[in-house]
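We're numbering straight along the sequence, starting at 1. Being a predicted model, the structure only gives us computed values, none of them experimental.
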Amino acid sequence: MARYNRWMNEKVFASAALLGDEECKRDRGAFFKSIHGTLNHLLVADRIWLGRLHGVVPPAGFLAAGIRALDQELFADFTELRAERQHTDQAIDAWATTVTPSSFEETLRFVAVGRQREHPLWWVVMQLFNHQTHHRGQITTLLLQAGQDPGSTDLLAMLFEEEKAAVEAAAAH
């Protein structure tokens with residue numbers, strides 16, 4: 001799921017880059033208003049969850065380090081936002097390599113909105129990736145409305161691309 005997450009983020013950012021800043025920031029009536037706003041929200045949410053997964057307790061009044069609200073704009077500049085998305089996807093990938101099958105049976109304890117919470121880790125992992133998929137679905141709709149088709153969003157499409165690349169690499173050797 002971390003690979004799929006990164007693959008899809010790269011696709012939507014590549015499509016959004018073709019639109020330009022003004023089109024990406026145009027209020028399109030989405031929950032987070034624009035393509036840029038929704039991309040920002042995904043980065044905010046992932047940083048909150050990564051902090052929780054690493055056991056970081058945010059300071060009072062914060063959801064995570066430097067984050068006070070789910071609609072907070074972390075980066076107004078698209079290039080910076082894209083670079084930070086890549087950095088965060090690398091952090092998700094790195095975290096995912098530490099997970100073992102028995103990890104999913106563990107309980108994750110964290111503070112959210114001033115309250116101690118605890119959930120099975122597998123719930124949190126499902127939330128992390130399902131949340132991304134939900135909002136990327138919104139982004140792909142907004143991209144299509146703006147005239148940019150990011151292509152297939154299916155997990156199987158990514159797996160097929162990876163398999164095809166592996167076969168081609170093997171044939172080249």
Side-chain angles (χ1 to χ4, degrees), residues 1-26 28 30-32 34-54 64 74-106 108 120-173:
M1 289 309 298
R3 283 192 345 261
Y4 172 73
N5 187 62
R6 180 179 14 88
W7 180 75
M8 275 306 306
N9 284 335
E10 289 169 359
K11 287 174 63 110
V12 296
F13 269 91
S15 291
L18 298 173
L19 291 175
D21 200 50
E22 185 177 333
E23 282 299 308
C24 279
K25 290 182 177 174
R26 182 182 310 278
R28 298 180 184 279
F31 191 79
F32 291 98
S34 65
I35 293 165
H36 191 92
T38 307
L39 291 169
N40 248 293
H41 168 69
L42 285 174
L43 185 61
V44 164
D46 282 355
R47 287 187 170 182
I48 292 168
W49 282 114
L50 275 172
R52 292 170 179 168
L53 289 167
H54 288 294
L74 296 178
F75 301 95
D77 180 78
F78 181 81
T79 303
E80 286 181 271
L81 178 62
R82 190 176 193 178
E84 291 297 323
R85 174 75 264 168
Q86 291 168 342
H87 176 73
T88 299
D89 284 344
Q90 289 168 355
I92 292 170
D93 288 346
W95 174 82
T97 65
T98 69
V99 178
T100 64
S102 63
S103 299
F104 291 112
E105 298 171 21
E106 296 172 7
L108 181 69
L121 180 62
W122 74 267
W123 286 17
V124 172
V125 173
M126 293 297 292
Q127 169 62 26
L128 173 72
F129 294 118
N130 187 61
H131 180 258
Q132 279 273 343
T133 299
H134 167 71
H135 285 297
R136 274 195 311 262
Q138 295 171 340
I139 293 167
T140 57
T141 298
L142 298 175
L143 287 166
L144 285 166
Q145 290 171 353
Q148 286 299 321
D149 183 356
S152 178
T153 61
D154 289 343
L155 174 62
L156 288 177
M158 180 203 73
L159 295 171
F160 177 73
E161 280 184 22
E162 289 179 347
E163 182 180 57
K164 182 179 174 187
V167 168
E168 290 172 356
H173 286 45

So which heavy atom on [X] is nearest to which on [Y], and how close?
X    : Y    : answer
M158 : Y4   : SD-CA, 3.4 Å
T38  : Q138 : CG2-OE1, 4.1 Å
L108 : R52  : CD1-O, 3.6 Å
C24  : A16  : SG-O, 3.2 Å
L19  : A146 : CD2-O, 3.6 Å

Got a donor-acceptor contact below 3.5 angstrom from the T98 side chain to the A94 backbone?
no
Please confirm whether the backbone N or O of V12 pairs with a side-chain atom of S15, one donor and one acceptor, at under 3.5 Å?
no
Is there a side-chain contact between [X] and [Y], using heavy atoms and a 4.5 Å cut-off?
X    : Y    : value
I92  : R6   : no
M1   : N5   : no
N9   : R136 : yes
V99  : F104 : yes
L121 : L53  : yes
L74  : L81  : no

So with a 6.0 Å cut-off around CZ of F160, is the heavy-atom count from everything else above 12?
no
Could you tell me whether R26 atom CZ has more than 12 heavy atoms of other residues or ligands within 6.0 Å of it?
yes
F31/H41 aromatic ring centres below 6.0 Å:
no
Could you grab the distance from atom [atom1] of [X] to atom [atom2] of [Y], nearest 0.5 Å is fine?
X    : Y    : atom1 : atom2 : value
T100 : E105 : OG1   : CD    : 8.5 Å
E163 : E168 : CD    : CD    : 11.0 Å
E84  : T79  : CD    : OG1   : 12.0 Å
L39  : I35  : CG    : CD1   : 7.5 Å
K11  : T140 : NZ    : OG1   : 10.0 Å

Any luck finding a side-chain donor-acceptor pair between E162 and W7 under 3.5 Å?
no
Going by atom types alone, do H36 and N40 pair a side-chain donor with an acceptor below 3.5 Å?
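There is such a pair (donor and acceptor under 3.5 Å, judged by atom type) between the side chains of H36 and N40.
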Evaluate side chain to side chain contact (heavy atoms under 4.5 Å, CB included) for L42 paired with I139, printing each intermediate quantity in order.
CA-CA 11 Å; L42 285 174; I139 293 167; 3.8 Å; yes
According to the interplanar angle, ranging from 0 to 90°, do the rings of H131 and H134 count as parallel (below 30°), tilted (30 to 60°) or perpendicular (above 60°)?
tilted
Picking from R85, H87, Q86, what satisfies side-chain hydrogen bond (donor to acceptor under 3.5 Å, both in side chains) with D89?
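Testing each of R85, H87, Q86 against D89, the sole residue satisfying side-chain hydrogen bond (donor to acceptor under 3.5 Å, both in side chains) is R85.
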